[in-house]
Structure formats: C-alpha cells, structure tokens
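Only heavy atoms go into these numbers, but all of them, side chains included; no hydrogens, no water, no symmetry mates.
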Amino acid sequence: MKAIEIMNEEHKYILRMLNVVRKVCFRIMNGEEIIYEDFNKIIDFIQNYADNHHHKKEEKVLFTKMVEHIGETAEKAVNQGMLVEHDLGRLYVRDLINAFEKMKSGDEEAKLDVIANAISYTHLLIRHIDKEDRVIYKFAERNLNDEIKEFINVECEKFEISNEKIKNRYILILEDLEKKY
C-alpha cells in the first residue's frame with residue numbers, strides 16, 4: 001500500500017526529530033544556552049508535520065476506513081489505542097508549550113516541565129510509531145480489501161500533492177536542526 005509506505009517514511013522523519021528533542025533537553029539539563037528559535041522550530045515541526053500532516057492522514061483516512069471496514073478489532077485498536085495516544089501526545093505538547101513560555105519569561109523551575117513533557121512525548125511517540133509500523137499498518141494491509149486500500153492510497157496521494165511544500169519545509173527544518181544538535 002503506497003499510503004502505508006508514505007506514513008512509514010514520515011515516521012522516520014518524526015523519529016529523527018525526536019532525537020533532536022532529546023539532545024536539546026540534554027543541553028537544557030546541563031545548563032547550556034537555550035536557543036529559543038530552535039525550540040520554536042521543534043514545536044512547529046511537532047504540531048504541523050507530526051500532527052497536522054502525518055496524524056491527519058491516519059485519523060481522517062486510514063483509521064476511519066479501518067474502523068468502518070474491519071470491525072471491532074480495528075475499532076478497539078484505533079479508538080482505544082492509536083487515537084488515545086495521539087491525544088496524549090497533544091497533551092504533552094500543550095504542557096510543553098506552557099512550560100516553554102514560562103521558561104522564556106525567566107522561570108528556571110519551568111525547565112523541569114519542559115524536559116519532562118518533551119521526553120514524555122518522545123517516549124510515547126517512539127513506542128507509538130513502533131506499534132503502528134509493526135502492528136497497525138500491517139493489520140490494515142492484511143484486512144482491508146483492495147478497493148478500500150486503493151481509496152486510501154488515492155486520498156493520501158492527493159493530500160501529499162496538495163501539501164508537498166509543507167512537507168518539504170519541515171524536512172528542511174529537521175535537517176537544519178540535526179546539523180546543530
């Protein structure tokens with residue numbers, strides 16, 4: 001399934017950014033200078049590439065079709081697993097942003113919450129991506145019929161074409177941050 005290949009590829013970019021997040025947190029922990037602009041880029045990537053670009057395709061296309069066409073097992077895996085984890089990730093990011101704003105305004109203790117939420121997010125996403133790559137996507141490929149797979153492929157391809165500039169922008173941000181960290 002072409003859509004699954006695209007999502008697997010996106011996971012690789014997200015995992016690379018999670019590595020950057022970890023390195024930035026390590027620097028904060030060691031009392032090194034915080035480059036706020038870089039932190040803003042990380043949050044931008046998480047919200048707009050990982051969540052709006054990647055998770056949108058999963059939630060609006062793949063997961064919806066899995067629930068509609070596979071049944072109870074898919075419904076449980078999606079609604080009680082994947083979507084719950086997406087929402088938990090969003091909570092960590094909201095809390096990270098709040099802590100980041102406090103840290104920027106001079107609250108030294110907020111560094112704890114920045115690190116805690118950022119690292120919690122990375123741990124969640126690493127496990128989440130592993131489940132999707134090894135279990136959820138393979139389950140979808142095995143259990144969806146060819147017509148539904150083709151629908152998912154077409155919808156994801158349309159999304160990719162209309163969002164190509166966005167995707168390329170975030171990959172460049174990632175590569176820039178990887179060079180720094």
Side-chain angles (χ1 to χ4, degrees), residues 3 6-63 78-79 81-133 136-137 156 159-181:
I6 291 168
M7 291 181 214
N8 285 131
E9 187 68 22
E10 290 169 349
H11 280 166
K12 292 175 187 172
Y13 293 121
I14 294 166
L15 289 168
R16 287 169 55 190
M17 181 57 82
L18 297 178
N19 190 45
V20 170
V21 170
R22 187 170 181 82
K23 289 177 180 182
V24 169
C25 286
F26 189 69
R27 285 183 172 201
I28 293 170
M29 188 182 79
N30 286 327
E32 294 179 35
E33 179 187 2
I34 300 162
I35 303 169
Y36 295 113
E37 182 182 332
D38 289 348
F39 215 93
N40 284 326
K41 288 177 184 177
I42 289 168
I43 291 169
D44 184 26
F45 180 96
I46 289 169
Q47 290 183 313
N48 292 302
Y49 183 80
D51 201 27
N52 288 338
H53 185 79
H54 175 73
H55 289 159
K56 184 181 253 181
K57 284 190 294 256
E58 289 177 337
E59 292 175 1
K60 301 290 186 206
V61 183
L62 178 63
F63 293 167
V78 168
N79 294 335
M82 299 300 98
L83 296 180
V84 169
E85 290 178 3
H86 284 186
D87 286 342
L88 183 56
R90 291 176 184 121
L91 173 65
Y92 285 137
V93 172
R94 278 194 306 274
D95 289 347
L96 170 62
I97 291 167
N98 290 334
F100 177 63
E101 291 303 319
K102 288 178 184 175
M103 183 179 73
K104 278 189 349 189
S105 63
D107 182 345
E108 284 292 307
E109 192 174 327
K111 290 178 182 178
L112 290 171
D113 294 318
V114 167
I115 293 169
N117 284 292
I119 296 301
S120 294
Y121 178 79
T122 65
H123 289 176
L124 172 71
L125 263 280
I126 288 167
R127 287 189 304 271
H128 178 81
I129 287 169
D130 183 59
K131 277 187 265 184
E132 285 180 342
D133 287 348
I136 299 298
Y137 292 171
C156 286
F159 184 86
E160 284 300 304
I161 290 167
S162 65
N163 290 282
E164 186 173 4
K165 287 180 182 173
I166 293 168
K167 177 181 127 180
N168 292 338
R169 175 176 175 252
Y170 286 104
I171 291 170
L172 288 174
I173 288 171
L174 168 63
E175 290 170 348
D176 177 55
L177 290 170
E178 284 178 317
K179 288 176 191 167
K180 290 182 174 182
Y181 299 96

If you define the side chain from C-beta out and look only at heavy atoms, does anything of [X] sit under 4.5 Å from [Y]?
X	Y	result
Val21	Phe26	no
Leu174	Leu177	no
His86	Glu59	yes
Lys102	Lys111	no
Ile28	Glu32	no
Ile34	Arg27	no

(Q) Which residues pass the side-chain contact (heavy atoms from CB on, under 4.5 Å) test with Val61, not counting sequence neighbours? (A) Ile152, Glu155, Cys156

Please list, chain by chain and in numerical order, all residues satisfying salt bridge (charged side-chain N to carboxylate O under 4.0 Å, His left out) with [X], sequence neighbours excluded.
X	answer
Lys12	Glu9
Glu33	none
Glu58	none
Asp38	Lys180

Over all atoms of both residues, closest heavy-atom pair of [X] and [Y]:
X	Y	answer
Asn79	Val84	O-CG2, 3.4 Å
Gly89	Leu124	N-CD2, 3.4 Å
Gln47	Asp51	O-CB, 3.3 Å

Q) Any idea how Tyr137 and His11 line up, ring-wise: parallel (<30°), tilted (30 to 60°), or perpendicular (>60°)? A) parallel

Q) For the residue pair Tyr49 and Tyr170, does the interplanar ring angle fall in the parallel (under 30°), tilted (30 to 60°) or perpendicular (over 60°) class? A) tilted

Q. Do other residues, nucleotides or ligands put more than 12 heavy atoms under 6.0 Å from Lys60 NZ?
A. no

Q.
Using modelled atom types and a 3.5 Å cut-off, is there a donor and acceptor pairing between side-chain atoms of Asp107 and backbone atoms of Met103?
A. no

(Q) Donor-acceptor check, side chain of Asn163 to backbone of Phe159, threshold 3.5 angstrom: yes or no? (A) yes

Q | Side-chain H-bond candidate by donor/acceptor type, Asn117 with Asp113, under 3.5 Å | A | no

Q. Measuring from Arg169:CZ to Asn48:CG, what's the distance to the nearest 0.5 Å?
A. 7.5 Å

(Q) Rounded to the nearest 0.5 Å, what separates atom CD in Glu37 from atom CG in Asp44? (A) 11.5 Å

Short N-O contact, [X] and [Y], less than 4.0 angstrom:
X	Y	result
Glu164	Lys167	no
Asp176	Lys41	yes
Lys131	Glu85	yes
Arg90	Asp87	yes

Q) Is the gap between the ring centers of His54 and Tyr13 under 6.0 Å? A) no

Q: Scan residues 91-115 for pairs that pass ring pair (Phe, Tyr, Trp, His ring centres under 6.0 Å), counting only residues two or more places apart or in two chains.
A: Tyr36-Phe100, Phe39-Phe100

